[in-house]
Amino acid sequence: MAQIIDGKQISLKLKADIKKKVEEMSTQPGLAVVLVGDDPASKIYVNSKERACEKAGFYSKKVLLDKNISQDKLIEQIKDLNQDPKIHGILVQMPLPDHLDEGLVIENINPNKDVDVFHPYNIGQLFLRKNLPPLNHLLAPCTPKGIMRLLQSIGIELEGKKAVVVGRSNLVGKPIATMLTAANATATICHSRTKNLAGETSQADILIAAVGLPEFIGQEMVKPGSVVIDVGINRTDDGLVGDVDFEAVKSVAGHITPVPGGVGPMTIACLLENTFILAGSSLETDK
Ligand code: GUN
């Protein structure tokens, strides 16, 4: 039976460490979260990000914009935040309404305030790295960074391990594969056109499920004793489920993350950590 990786607990510890450091800092880290429109799921995410900021002693600014805002007006708002000395991190909640160009919006965030690490300059910097610094010094997209912290929490040696990532998104699949490669794992990205997917996943020492399909990863796709990280958040009639069939897979995996309570809380904790790093300091939690 797999050991459950308690992302909630690990995120609480990380957030508590950040809060303590903030108390000792002369600068108060500031995060601006921009929400365009009224998508209910996005509203929930934005509110929990704001609450986490306040709890950690950060300055937080929520910018709520009409769903019909023009591209130019949105960029104007971002440029104002780029100039605001109290703001160290700017997050524009995705997805944006269809008439807005996400790429162009991201490119207008000052790369030094790009807390999501979505800007082409910053993602390029991450991809050019040959190895990774300690996570408390690393600016990387929040969800992949949270996954690296979960792997670190179980003390797994990544070097030489076979990691399979299911999903090739810019948000998760591509950056986590890059980070695992930099940590000397052998990373494979699988996706909807992969032939013999189960053949790939069942060889994985570390399996990252980031496809956005409810309970897509079944028991027969998982190598016994492996580490299974579930990035999925799928709303179904039976409630919130991940991309992994948790009940079936937990009887074969060595370690597994639950949904909720696995990757999700780590994403928010890493958002705080990235804001903290951008505010000009870093934590000394990785020894
Ligand atoms: N939408 C879903 N996840 C994320 C995220 O990590 N950052 C932003 N900006 N939008 C998201």
Side-chain angles (χ1 to χ4, degrees), residues 1-15 39-49 51-52 93-95 116 141-154 156 163-169 171-177 179-180 189-192 197-198 201-202 204-272:
M1 190 66 83
Q3 257 181 278
I4 312 286
I5 307 175
D6 188 346
K8 178 87 197 166
Q9 200 55 42
I10 299 161
S11 75
L12 285 174
K13 163 88 173 68
L14 180 57
K15 287 193 283 191
D39 175 68
S42 290
K43 266 190 184 163
I44 293 171
Y45 292 141
V46 162
N47 287 337
S48 50
K49 286 166 187 176
R51 241 188 347 261
Q93 184 66 26
M94 301 296 172
D116 269 318
C142 304
T143 300
K145 192 172 176 184
I147 295 170
M148 294 302 282
R149 282 201 170 276
L150 291 173
L151 293 172
Q152 186 182 55
S153 77
I154 58 170
I156 185 175
V164 173
V165 181
V166 188
R168 54 178 152 178
S169 68
L171 234 74
V172 183
K174 284 193 245 177
I176 188 63
M179 291 161 75
L180 288 164
I189 300 184
C190 297
H191 47 77
S192 53
L197 179 63
T201 57
S202 57
D205 302 307
I206 298 157
L207 179 59
I208 316 280
V211 262
L213 296 171
E215 299 179 332
F216 178 72
I217 304 288
Q219 195 179 34
E220 72 294 346
M221 298 174 80
V222 173
K223 178 175 170 176
S226 62
V227 180
V228 179
I229 306 285
D230 191 349
V231 184
I233 302 179
N234 305 291
R235 281 159 226 280
T236 70
D237 293 344
D238 298 333
L240 214 60
V241 298
D243 290 351
V244 175
D245 182 347
F246 181 81
E247 286 307 320
V249 170
K250 83 169 186 225
S251 59
V252 288
H255 291 83
I256 188 168
T257 61
V259 176
V263 174
M266 293 305 293
T267 298
I268 293 193
C270 290
L271 172 68
L272 297 183

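Because the structure is a prediction, the values reported are computed rather than measured. We number each residue from 1, following the sequence as shown.
- Here the side chains of I256 and V249 are in contact, with some heavy-atom distance below 4.5 Å.
- Put simply, CD1 on I147 and SG on C142 are 11.5 Å apart, with the number rounded to the nearest 0.5 Å.
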Test log, rule side chain to side chain contact (heavy atoms under 4.5 Å, CB included), inputs D230 and F246 = CA-CA 9 Å; D230 191 349; F246 181 81; 5.9 Å; no

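- Annotation: the span from L271 atom CG to K15 atom NZ amounts to 10.5 Å, rounded to 0.5 Å.
- Just one residue in the list L151, I156, L150, I154 forms a side-chain contact (heavy atoms from CB on, under 4.5 Å) with H255, and that residue is I154.
- T201 is listed as a side-chain neighbour of V166, based on a closest heavy-atom distance under 4.5 Å.
- Looking at heavy atoms from C-beta onward, P258 lies out of side-chain contact with K250 at the 4.5 angstrom threshold.
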Step-by-step side chain to side chain contact (heavy atoms under 4.5 Å, CB included) determination, L207 to V222 | CA-CA 8 Å; L207 179 59; V222 173; 4.0 Å; yes

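- Two residues are said to be in side-chain contact when any heavy atoms from C-beta on lie closer than 4.5 Å; Y45 and I233 meet this criterion.
- Of all heavy-atom pairs spanning I176 and P144, the tightest one is CD1-O, 3.6 Å.
- For the pair P141 and L171, the tightest heavy-atom approach, listed with the atom from each and the gap, is CB-O, 4.2 Å.
- Heavy atoms only, all atoms of each residue included: N234 and G242 are closest at ND2-O, 3.1 Å.
- Atom OG of S202 is separated from atom CG of L197 by 9.0 Å, given to the nearest 0.5 angstrom.
- Residues K43 and Q93 have side chains that never bring a donor and an acceptor to within less than 3.5 angstrom of each other.
- Atoms OG and CD1, from S153 and I10 in turn, are 3.5 Å apart once rounded to the nearest 0.5 Å.
- Contact detail for I5 and I229: the closest heavy-atom pair is CD1-CD1, 4.1 Å.
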Check the pair T257 / V228 against side chain to side chain contact (heavy atoms under 4.5 Å, CB included), numbers first and verdict last.
-> CA-CA 7 Å; T257 61; V228 179; over 6 Å; no

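- Atom NZ in K49 sits 10.5 Å away from atom CG in L272 (nearest 0.5 Å).
- D243 places a side-chain N or O within 3.5 Å of a backbone atom of G212 that can act as its donor or acceptor partner.
- Here the OG atom belonging to S11 is positioned 6.5 Å from the CE atom belonging to M266, to the nearest 0.5 angstrom.
- With a 4.5 Å cut-off on side-chain heavy atoms, C270 and R149 count as touching.
- In this structure, a donor-acceptor pair under 3.5 Å is present between the side chains of Q219 and S251.
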Take V164 and I206, measure what side chain to side chain contact (heavy atoms under 4.5 Å, CB included) needs, and give me the verdict at the end.
-> CA-CA 6 Å; V164 173; I206 298 157; over 6 Å; no

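- Residues M221 and F216 approach most closely at SD-O, 3.7 Å, considering heavy atoms.
- Between V231 and A210, the closest heavy-atom pair is CB-CB, 3.9 Å.
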